[in-house]
Each structure stands twice: as structure tokens, then as C-alpha cells.
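Note sheet for the following structure.
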Amino acid sequence: MSETNKEAVIRLRGVSFTYDELPEGISEAEARAKGAPMAVDALDLDIYDGECVAVLGHNGSGKSTFAKLCNGILVPDYGDILVYGINTREEDRLLELRQKVGMVFQNPDNQIVATVVEEDVAFGPENLGFPPEEIRARVDSALKAVRMYKYRGHEPHKLSGGQKQRVAIAGILAMKPECILFDESTAMLDPKGRRDIMRIIRKMHDEMKKTVVYITHYMEEAALADRVIVMENGKVISDGTPVEVFSDIDRIRAVGLDVPEATELGALLREEGMALPDILTTEDCIEALANTLTVKGA
Amino acid sequence: MAILKTEHLTYSYSTGTPFEVTAIEDIDLEIETGELVAVIGHTGSGKSTLIQHFNGLLKPKEGKVYVDGQDIWESKKTLRASRFAVGLCFQYPEYQLFEETVYKDIAFGPKNMKLSEEEIDRRVREAARFTGVPDDMLEKSPFDLSGGEKRRVAIAGVMAMEPKILILDEPTAGLDPKGRDTILGLIQNYREETGRTVMIVSHSMDDVAKIATKVLVINDKHAAMYGTVDEIYERSEELIAMGLDVPQVTKVFLGLREKGIPVRTDIYTVEQARAELLDLRAKGVVAW
Ligand SMILES: Nc1ncnc2c1ncn2[C@@H]1O[C@H](COP(=O)(O)OP(=O)(O)OP(=O)(O)O)[C@@H](O)[C@H]1O
Ligand SMILES: Nc1ncnc2c1ncn2[C@@H]1O[C@H](COP(=O)(O)OP(=O)(O)OP(=O)(O)O)[C@@H](O)[C@H]1O
Ligand SMILES: [Mg+2]
Ligand SMILES: [Mg+2]
């Protein structure tokens, strides 16, 4: 695989995290013996430079905890995380870390800080001490990327759910991080809004060469990634290309997930004797069927 | 009789300021008892604004809202009655979670209704079971839950009030696929068992197709369509033009049709899709 000669920008080694209060100095074995529930459990994982990764898993499987660990919001109880060479335990390098890795949360309300949209987006770059012209340019291009430029003078808390989420994403874009973690950033958007954001995510990856990790419950969105990771009880239970991960429909369903409808339809039709290639997206499916079906008398 | 009715309902935010926005305009609706209505529409189309009128959280700028034949703004008493008759679960569940424990949170509504302790306990446990909130979670703080877990608790809290009309704003956002199916299944059961009216706001036509008896399409402040799922699906192309989504299989079949394969396009489940292709083969229209 080409990944092997790429650099791991996020590297987890034996990472465990529990939300329970642990007594000072308690060993991992003791913590487990006491029954502390591990939200992230002995995780070894590498995210490589320039990857586009989707993270799946049922509610409570540890996805948000994993993302917060990568961004230094949470620090592992056991094990270590190196992010662009920075150990997330190094408190004095937290600002440096956040400039490298930005995170967009599940609920946009928690990240809106100002009373005017453009001030909200400017908040990050202002804190980094950029000159006003630079800030202006970053804010404008970020707002245009999420198609909220015409709302720049509005009050964020008066926007609809989907509009707020786009402002929150612009706030992170304006920081120009190397890697962006999206925690269900499309959950509140309508289909058009979701496609926009997926397009932005792909653009950041394909054109701006950023590393992108997004958590989603939409299988159609996961199908657009280069790599899919499935979490269950704080562990990774499946990791590969979308085709590899979605090929085992029963296994995916057993952990409360699903496969894209197009993939499922492909599998059903293969049982009916159609010879079809791998199918992940709507376009794949239309093309495969159009190539396979012959219309009589046409 | 219609359980819920609106006449010329219009609302705008920030009235009298340069930022005035008309969020909904001239909406006439009549919803019969026992329907399961799905409300769909693009971001900012006015869905959340509309439903907040049904229990009097927002006051119409123009027009009327009738619950069970009663104009809710007639008096303080009718307004209060509408708060109990119409249970509303918000788009962002965090807004309605504030108690120390999950149990207390779910019990909050029934407590306000001055029910007996046993009745409150019965309702809390039933709502928790319905929404898949396990017993050991009841003693946790609602702030210590994952995103999807919070949503289940918020839904349980509204269900426990056993309102005449249960309204859920985006109940499946943030739920995993199995959780989505579970919640949709229980909403459907809830409606079938109780005969009560339910309304869900959703961005997902897939969800809607599975359980709704009626679909209300809001487009740019107005009620654009109201009808059965089949009636609405016949107009898939219009939905797509409004920026709405149809299930992936529907898109596949619209695409095949465009490529000259004579398939039906009112297909919205994978099973229907397979059956349609087998049927066409049996009729000798296509081969593979
Ligand atoms: N602040 C907290 N305090 C205590 N426990 C928590 C807290 N946040 C999450 N948990 C627990 O940790 C586990 C993992 O939660 P996490 O938020 O990482 O899940 P998730 O995969 O992001 O779920 P979702 O899809 O619902 O967002 C869950 O069992 C959850 O209840
Ligand atoms: N509190 C508010 N103050 C001012 N304008 C608002 C407020 N809430 C919503 N709006 C505006 O009213 C319009 C309708 O918003 P609403 O929240 O009803 O849409 P929605 O259909 O629920 O959208 P979404 O799918 O994103 O939740 C939008 O243009 C929005 O910007
Ligand atoms: Mg989460
Ligand atoms: Mg809304």
C-alpha cells in the first residue's frame, strides 16, 4: 500500500480513556479490574498525511472521544498520541497543536462565540495574532467556501440549524489547519447542505492537500472517503477502503450500521445472477446497471 | 375533525429591524387525528419555525392555530392547554436536558402535569424502554452522554408527557442507522398503539418513506405539497429541484430512466427496486 511510505500525522499507541475519575497513579490493569468503562480502549491507530478518512460506529462507540483525544481536548489515561510530532500531553504546545488540527463539533452552538457571523469566523485567526488584512481575507474566503458570505453581518444565534453549522465550519477553515476533524458536521444539514459540506471536505483533501477525518452516521458519505474505520466499544473493528469495509453486509449490520443502498441493491441483484462490479455510489450503480441490462427490442 | 389546523399562518423574526426575515408565510394546513406526518424542506425553509407555533412557543404575526378545534391564542387558559396537548422535542436535544439525572430529566414533564409518583415512574420507565435508554443510564447525568444518547433521552422526556400531538424536530439526526430504525419503529408503534397524532421534521426522505402516512413539504416559507408518501414520490423530480433528497435507489432509477431503460421511477426501497427489475425481466422487457 502507498500509505507505508507516507508519514503518520496522528499516531495512537495503546490509548485508553475513561470518563470515570481514576485514583492518582492507578495502573491500567487495576483500573480495568475496578470496572472503569473505557470509552477508547487500547487503541493503536495511524492517520497518514493527506488521507481522507471516515469514522463509523454506533452511538456511544467512542468516536467523539477518539476525535477529542486527537485534538488534545482530552488526554489519554494510558498510552500516547503523537500529533504532528507533538505529544498531546505537552500542555505548553496545545496552541501549536490546535493550529495543526482543527475540529468541528457535533453541535454548532457550542462553538459560536460572537454576535456577528464574520466576527465569529475571525475569532480564531485573531487569537493567532494575524494582521487585519490577512484576517479579512481568511474570513471572506472561509465564508464563501461554505456559502454563508451574504450572511456575514447576521447574528449567528438567529440562523437556522444548518446555517449555524456552516458558520462553525468556516471558523475552523479560517485557521487553515493541516488536518480537520469533523464530528458529525453534516448531521443537521439538509441534503443539499450535506452535499456542499462533503464537497468542501473533498476539496480540502483533493485540492488543498489537507488531511481530513470525518465522523458520520451516513453510509453514503462514508463511501466517499479513501479509508473507512469502524469503531465498536472503543476499539477499531474494521479498517480499509470503503469497498473492503462495506463488502461484508452482515458484519456491518451486526454492529448497528448499514451499507449504502446502492451497495445493498448491487448485492441483491448479484444473487439474481447479474454480474456487477463493486458499487458504492449512486453513479456507480447507474453505470453498472446500464452496462449490464439489455433492453429488448431497443 | 382536524386535530391541528392553521389559517394563513405567517411569522417573521426581528420584526422592525433591518434584519427582518419572514420565516413562514400564509400557511394553511389541516391534519387529521392519528396521522403520522413527516415535514420535509431545505435548510432555512421554515420547518422549525412552523412547528413552534403548534404549542404556542411562537405567536403568529398573522393567522391562526387551532388545536382540537380550539384557537390556542384565545386566552391564557387555551394557551396553557396547548402546552400539554402538544409535546415538542427540539432539534438540539441539549436545550431540553438540564436535570441532574436522566431519570429526573424524563420525569420533568410528567411532574409538571402534577401526576402521581407511581404514574410518573411508570411513564419514565416506559418512555426509557421505548427509546432504548437502559436502566443503568437513568442515574447518569445527562451531560455525560454521547450525542445520540442525549437525543434518546430528550425524546423520552416528551413521550412521557403522552401529548395528543407529539412533534419531533429531526429525531434521527445524530443517531446511528440501527438507532434511526429503532426510533422510527418506536414512533410508528407509539402512533399505532395510542392512535395519537405524530409529526416528525426530517431531512431524510428515506426515514420519511418508511413510516409516514402523510408528507408535508415546506419550500421557501410556504407549504408546497401535502399528501401521501406515494403521491409525493410521484413528484421526485420536483423534490430534487427544491434541493431535497430522495432515497438513493430512487436516484438510481431516475438515472436508469434517463439512460433509456424503461423502469418505473416511483421506487423508494431496495426491495421494490429488485422486484421491479425482476418484473421487467419476467415481462421480457429487459435481460441480463
Ligand atoms: N462527558 C462524559 N462523561 C461520562 N461519560 C461519557 C461522556 N461523554 C461520553 N461518555 C460515554 O463514553 C462512551 C463513548 O462516547 P462518545 O461520545 O465517544 O461516543 P460516540 O461514538 O461519539 O457516540 P455518538 O454517535 O452518539 O455521538 C459512551 O458510553 C458515553 O456514554
Ligand atoms: N431566532 C431567529 N431569529 C431570526 N431569524 C431566524 C431565527 N430562527 C430562524 N430564523 C430564520 O428563519 C428562517 C427559517 O428558519 P427555521 O429554523 O424555521 O428553518 P428550518 O427549516 O427549521 O431549517 P433547518 O433545516 O436548518 O433546521 C431562516 O431564514 C432562518 O435564518
Ligand atoms: Mg459523538
Ligand atoms: Mg430546523
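Order of the sequence lines sets the chain letters (A, B, ...), proteins ahead of strands, with each chain counted from 1. Computed from a predicted model, the values in this text were never measured in an experiment.
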message: Nearest 0.5 angstrom please: B:K140 NZ to A:Y19 OH, how far?
response: 9.5 Å
- prompt: What part of B:L145 lies closer than 4.5 angstrom to a heavy atom of chain A: side chain, backbone, both or neither?
  reply: neither
field: Nearest atoms (heavy-atom pairs only) where B:W288 meets A:E272
entry: NE1-O, 3.1 Å
- request: First locate atom CG of B:D181, then atom CZ of A:R253, and finally report the distance between them rounded to the nearest 0.5 Å.
  value: 9.0 Å
- prompt: With respect to chain A, which residue among B:D144, B:L278, B:L254, B:L244 yields the maximal number of heavy-atom pairs within a distance under 4.5 Å?
  reply: B:L278
field: Residue pair A:L268 / B:E271, side-chain heavy-atom distance below 4.5 Å
entry: yes
statement: In short, B:G284 meets A:K296 closest at the heavy-atom pair O-CG, 3.2 Å
- request: Sort A:S64 into side chain, backbone, both or neither according to what part of it lies under 4.5 angstrom from a heavy atom of chain B.
  value: neither
query: Which bit of A:R195 comes within less than 4.5 Å of chain B, counting heavy atoms only: side chain, backbone, both or neither?
result: side chain
statement: Counting heavy-atom pairs under 4.5 Å with chain B, the top scorer among A:A187, A:G273, A:G256, A:C285 is A:G256
query: Below 4.5 Å, heavy atoms only, C-beta onward: do A:K158 and B:Y13 meet side chain to side chain?
result: no
query: Which heavy atom of A:G60 sits nearest a heavy atom of B:S146, and at what distance?
result: N-OG, 3.5 Å
- prompt: Among B:R274, B:E258, B:E149, B:K251, who wins on heavy-atom pairs under 4.5 Å with chain A?
  reply: B:R274
message: Heavy-atom pairs under 4.5 Å with chain B: which of A:H154, A:E283, A:E220, A:E184 has the most?
response: A:E220
- prompt: Is A:N59 close to B:R152 at the side-chain level, that is, under 4.5 Å between some pair of heavy atoms?
  reply: yes
- prompt: In terms of heavy-atom contacts, does CD of A:E155 have more than 12 from other residues, nucleotides or ligands at under 6.0 Å?
  reply: yes
field: Heavy-atom check, side chain of A:L293 versus side chain of B:L277, under 4.5 Å
entry: yes
- prompt: Closest approach of A:H217 and B:D176, non-hydrogen atoms and distance?
  reply: ND1-CA, 3.3 Å
- prompt: Does NZ in B:K178 sit with more than 12 non-hydrogen atoms of other residues, nucleotides or ligands closer than 6.0 Å?
  reply: no
- prompt: Which pair of heavy atoms, one from B:Q248 and one from A:L280, lies closest together, and at what distance?
  reply: NE2-O, 4.0 Å
field: Beyond-backbone contact of B:V252 with A:L289, side-chain heavy atoms, under 4.5 angstrom
entry: yes
field: Spatial distance of atom NE2 (B:H203) from atom OG1 (A:T186) [nearest 0.5 Å]
entry: 10.5 Å
field: chain A contact via B:P262 - which portion, at a heavy-atom distance below 4.5 Å
entry: side chain
